[in-house]
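Everything below concerns the one structure shown next.
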Amino acid sequence: MPSNPLPVNLYESLLSKLVAVLQLTHQNEGTTTPAAKQAILQATNDFKSALSQAKDLVVNLPGGELQIQEQDEVIQMLETLRDRKRAQLERFSRQPLQSYAISTTEQQMELDSMASTPAND
């Protein structure tokens, strides 16, 4: 799958391809000469091909198989989940931090007192 599921240049080219078909069909010569007929056929095929490719890309978008109501339900569920997570983070951020670390001076004093205490064997 391409990195951009809907390439903008493909959709932008649709209008120019349609304009080319319309210009060829409305020229003074119309479709009377074989060369004009061939040009119109080529321009029409280019437009049809680009339109078909654009349609296939849209149809195969992820989530496109869901109906609008189902998409709305998924969106609502994700928004609810997001709101719960935000509330949890907010509650967590309001809790005071508890420090279990003993300061270096207290650790040093404890070590000193243990070292000076005779062992009771």
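Numbering starts at 1 and runs along the sequence shown. If you're wondering where the values come from, they're calculated on a predicted model, not measured in any experiment.
Using a 3.5 Å distance cut-off with no hydrogens or angles, the side chains of Gln42 and Asp46 do pair a donor with an acceptor.
Remark: Ile75 CD1 to Ile68 CD1 distance equals 10.5 Å, nearest 0.5 Å. A distance of 11.0 Å separates CG of Leu41 from NZ of Lys37, quoted to the nearest 0.5 Å. Here CG of Leu22 is found 9.0 Å from OG1 of Thr44. Values are rounded to the nearest 0.5 Å. Summarising the geometry, atom CG belonging to Leu18 is positioned 13.0 Å from atom NZ belonging to Lys48; distances are rounded to the nearest 0.5 Å.
Taking every heavy atom of both residues into account, Leu57 and Pro7 meet most closely at CD1-CD, 3.6 Å. Smallest separation of non-hydrogen atoms from Ala43 and Leu24: CB-CD1, 3.6 Å.
A donor-acceptor contact shorter than 3.5 Å links the side chain of Thr25 to the backbone of Val21. Checked by atom type and distance alone, the side chain of Thr80 pairs as donor or acceptor with a backbone atom of Gln76 at under 3.5 Å. A distance-only check finds no donor-acceptor pair linking the side chain of Gln23 to the backbone of Ala20 [under 3.5 Å].
Counting heavy atoms from C-beta outward, Glu73 and Gln69 have side chains that approach closer than 4.5 Å.
Contacts of Glu90 classified as salt bridge (charged side-chain N to carboxylate O under 4.0 Å, His left out), with partners at least two apart in sequence or in another chain: Arg94.
With hydrophobic clusters built from ILVMFWY side chains whose heavy atoms lie under 4.5 angstrom apart, Val19 does not share a cluster with Leu14. Linking ILVMFWY side-chain heavy atoms closer than 4.5 Å, directly or via other members, places Val58 and Phe47 in a single hydrophobic cluster.
Atom CD of Glu79 sits in a crowded spot, with more than 12 heavy atoms from other residues, nucleotides or ligands closer than 6.0 Å. Around CZ of Arg82, the count of heavy atoms belonging to other residues, nucleotides or ligands within 6.0 Å exceeds 12.
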